[in-house]
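Following: one structure in structure tokens, then a few remarks.
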Amino acid sequence: MRWSKLFIPTLRENPAEAEVASHQLLLRAGYVRQLAAGIYNYLFLAQRSLQRIIHIVREEMDAIGGQEMLLPGLNPAEVWQESGRWTVMGDNMFRLKDRWGRDLCLGMTHEEVMTVIARGELRSYKQLPQIWYQIQTKFRDEPRPKSGLLRVRQFLMKDSYSFDLDATGLDISYQKHYEAYCRIFDRCGLRYTVVEAHSGAMGGSQSHEFMVASDAGEDLIVVCPKTGYAANLEKAVSRPVPPLMADPEGDLTPEEFHTPGRKTIAEVAEFTGLPETSQMKSLVMVADGQPVLALLRGDHQLSETKLATALAATAIRPAHPAEIREWFGADAGSLGPVGVKNMRILADLALQGRKNMIAGANRDDYHLRHVTPGEDFQAEFFDLRQVAPGDTEIHTGEPLEIFKAMEVGHIFKLGYKYSESMGLRVLDENGKEVTPIMGSYGIGIERILCAAIELYHDADGMVLPASIAPFHVVITPVNYNDSAQREGAEKLYSECKDLGLDALLDDRDERPGVKFKDADLIGVPFRITVGKKLSQGTVELFVRHGKQSTDVPAIEAPQRVKQLIAG
RNA sequence: CGGGGCGUGGCGCAGCCUGGUAGCGCACCUGCCUUGGGCGCAGGGGGUCGCGUGUUCAAAUCACGCCGCCCCGACCA
């Protein structure tokens, strides 16, 4: 294509609202324009790049037997009410009414609709397994869209769903997806980590996320380079650093002492001269309307996800100050488990076996010393603790690393949640009715592009992998008014096209600097520069990644580009 | 939903405190010039100053209300 005819609105300066690199560059390079918060127009370059990503996704999904469909974005309320998610999704769901006042919503994902198709048509075990997928626009009314295309309200997702006769079948479908996802992200040129993910209180049994390490990401992941352990922080387990001071020996009796104005763990630690690891942290939470007391070692953080999982709760929040006062007769800062009878007490595993610790006395400005779990109060023990820097791998004690990452894919064993609640049944080989088991698998299409930009950019712009760049190569005559250069460039352009390369001819009457800057910005991986040396039959081959430039014979240049892309 | 910031030509900003002429850089258009990293000269077009109400002789500027966008937090199948 000829640049002079294209709409590629590059910007010299960074738009003020863009914070993360991918957002800045997508705007500057003329890929996208914002229409509203979290809603973007994908212009020519973005569309090309996304189509190349989609092409890769489609090839790999087809390769594992996936069958592409296209389901409606507009859904009737009924199917979501059947699964119960009409209410569970809350404000994150875009809802609307038709002219008759019937409730509709915009699809956030398509488990329900896929299950409706399946239950209407699948009759026999002979029809299983099935893998159905689509590449489709999803709508989510995010409370806070941010970071350009990273968290938006409308986005493209490849979502697939597997239907199997039994758990063994699901394992196979799951594994197929796992491997297909690796191939997809490999082909897109991403460096990624597969982590164990929280599968939710929603009946899921196993789940992996495909994460790209980046400070622009919103997730934290825990990785052990030595053992290969990798998990989302929501799910990760670890061996905590040992307590800094041994507990006093013996079964001592709890003893109240005055702690005026000391509310935080740090203040109490300083006041008592005992480290935070000798303190017991008491957090009052409300899970599905029920109060619960969560206990942790003083230096540890509660994982609300783990607590919710332990309680099988769907909604969890910290208690309000008024609730705490009502239930405990004291304010946060002086709370503890001793004498608490009106709620469940869950304690983190790190408190198991500890004794004679410091805890709040449930009396303002008083704490207790010599508090021992199992003796002075009873608690249910669970892993409630968030992995912290310095923790080690739970089995080996090898060091763990924690870093930010963005989620580009997620695979999920759904189990029977939707097939059960929505009445999907088939007959097995004995003629007995059985409920198929499902899996659900998503890929964020735009996030692949964002992740690639976050991973591969420099001060001059994007450095996209050839597989997802909008063009493979740009042919840049230094002076388009020079007829020799112009003709040489035209020739190279058609040769590139003949080789099957996606070529862009920069036929604009611009100064060379402008053309170079623009080409660098939009991230085309290769550039053939046609200048004065053309008279000796030589052009320049510029490699965007690394910015190396070499003189090559003009007749060889297109083939060289093709080889570099293949290699 | 809590906290903070911003809204002035397409983009980036100044002007606002202390009310009175809307300004700069880039981009754009025309002409000349130039052609290896966002050239140069000259001329030119384009702005309901987010919206509304109020104060005032007079509002981009002051007050109140609303809307939008960004950031932090909460939230995030």
Side-chain angles (χ1 to χ4, degrees), chain A residues 7 9-20 23-24 27-28 30 33-40 80 83-93 105 107-112 138-148 150-153 155 157 159 161 197-204 207 209 216-219 232 234 304-305 308 314-318 406-407 410-412 414 417-418 440-442 444 459-461 476-482 485-486 506 508-521 527 529-534 539-540 542 547 549 551:
Chain A
F7 179 57
T10 59
L11 302 173
R12 187 184 289 242
E13 292 171 279
N14 264 327
E17 73 267 17
E19 200 84 354
V20 301
H23 190 197
Q24 292 177 345
L27 289 168
R28 270 193 68 200
R33 287 294 184 261
Q34 187 176 37
L35 183 62
I39 305 176
Y40 284 84
W80 291 81
S83 70
R85 293 209 291 182
W86 180 257
T87 45
V88 171
M89 291 306 192
D91 290 337
N92 269 6
M93 180 180 260
C105 67
M108 311 173 69
T109 171
H110 282 74
E111 281 83 359
E112 282 82 355
K138 305 291 186 209
F139 299 91
R140 295 183 190 181
D141 195 359
E142 292 287 344
R144 186 152 94 80
K146 58 186 249 193
S147 306
L150 245 39
R151 180 156 294 273
V152 288
R153 297 195 290 176
F155 58 97
M157 181 169 170
D159 51 319
Y161 306 87
H198 173 63
S199 48
M202 302 278 289
S207 176
E209 287 166 335
E218 300 181 289
D219 285 281
N232 192 302
E234 291 181 339
E304 292 196 15
T305 312
T314 51
I316 197 155
R317 65 167 172 87
M406 64 174 83
E407 180 186 351
H410 195 167
I411 57 177
F412 201 106
L414 284 176
K417 176 173 168 56
Y418 298 92
S440 154
Y441 317 86
D460 289 316
T476 306
V478 169
N479 182 354
Y480 201 65
N481 291 324
D482 179 308
Q485 289 184 25
R486 185 171 65 236
D506 196 347
R508 295 176 297 170
D509 184 16
E510 288 285 356
R511 296 184 59 85
V514 172
K515 300 197 225 188
F516 295 155
K517 286 286 184 191
D518 275 344
D520 288 351
L521 184 58
R527 186 178 83 215
T529 310
V530 182
K532 293 201 184 80
K533 283 174 280 186
L534 183 68
V539 295
E540 246 170 58
F542 175 85
K547 297 178 128 175
S549 201
D551 287 348

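Just so we're on the same page: letters track the sequence lines, and every chain starts at 1.
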Selected nucleotide, minimal atom distance to [X] side chain, candidates [options]:
X: A/D518; options: B/G36, B/G38, B/A74; answer: B/G38
X: A/E540; options: B/G36, B/G37, B/C69; answer: B/G36
X: A/P512; options: B/G38, B/C76, B/U35; answer: B/U35
X: A/N479; options: B/U35, B/G36, B/C70; answer: B/U35
X: A/F516; options: B/C75, B/C11, B/G36; answer: B/G36
X: A/D509; options: B/U35, B/C69, B/G38; answer: B/U35
X: A/L521; options: B/G38, B/C70, B/U35; answer: B/G38
X: A/A37; options: B/A74, B/C69, B/G36; answer: B/C69
X: A/F542; options: B/G37, B/C75, B/G36; answer: B/G37

Is there a side-chain contact between [X] and the phosphate of [N], meaning an N or O under 4.0 Å from OP1 or OP2?
X: A/R12; N: B/G38; result: no
X: A/Q485; N: B/U35; result: no
X: A/R144; N: B/C72; result: yes

Verify, without hydrogens or angle tests, whether [X] (side chain) and [Y] (backbone) share a donor-acceptor contact under 3.5 angstrom.
X: A/Q485; Y: A/N479; answer: yes
X: A/Q34; Y: A/A36; answer: yes
X: A/T10; Y: A/R28; answer: no

Check against salt bridge (Lys or Arg N to Asp or Glu O under 4.0 Å), A/D159 and A/K138: CA-CA 10 Å; A/D159 51 319; A/K138 305 291 186 209; 2.9 Å; yes
Could you give the [atom1]-to-[atom2] distance, from [X] to [N], as a whole number of Å?
X: A/K146; N: B/C71; atom1: NZ; atom2: C1'; value: 9 Å
X: A/N14; N: B/G38; atom1: CG; atom2: C1'; value: 14 Å
X: A/R151; N: B/C72; atom1: CZ; atom2: P; value: 12 Å
X: A/E17; N: B/C13; atom1: CD; atom2: C1'; value: 14 Å

Which part of the nucleic acid, if any, lies within contact of A/R33, taking any heavy atom under 4.0 Å across all strands shown: a base, the sugar-phosphate backbone alone, or nothing?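 No contact.
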Compare all side-chain heavy atoms of A/M406 with those of A/S147 and state whether any distance is below 4.5 angstrom.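 No, too far: nothing below the 4.5 Å cut-off.
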Answer whether the closest heavy-atom distance between the side chains of A/M108 and A/R85 falls below 4.5 Å.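 In short, these two side chains do not touch, never coming nearer than 4.5 Å.
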Watson-Crick or G-U wobble mate for [N], both contacts under 3.5 Å:
N: B/G2; value: B/C72
N: B/G7; value: B/C67
N: B/G46; value: none

For [N] and [M], measure between their [atom1] atoms and round to the nearest Å.
N: B/C49; M: B/C62; atom1: C1'; result: 15 Å
N: B/C32; M: B/G47; atom1: C1'; result: 30 Å
N: B/U8; M: B/G52; atom1: P; result: 15 Å
N: B/C6; M: B/C16; atom1: P; result: 14 Å
N: B/G45; M: B/G7; atom1: C1'; result: 25 Å

What closest approach, in Å, do A/R508 and A/D518 show between heavy atoms, and which atom pair accounts for it?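 For A/R508 and A/D518, the tightest heavy-atom pair comes out as NH1-OD2, 3.0 Å.
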Examine the base of [N] for any acceptor or donor lying under 3.5 Å from a partner atom in the side chain of [X], and report the outcome as yes or no.
X: A/N481; N: B/U35; result: yes
X: A/R28; N: B/G12; result: no
X: A/E13; N: B/G25; result: yes

By the rule that syn is within 90° of 0, classify the base conformation of B/U8 as syn or anti.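 For B/U8, whose glycosidic angle is more than 90° from 0, the conformation is anti.
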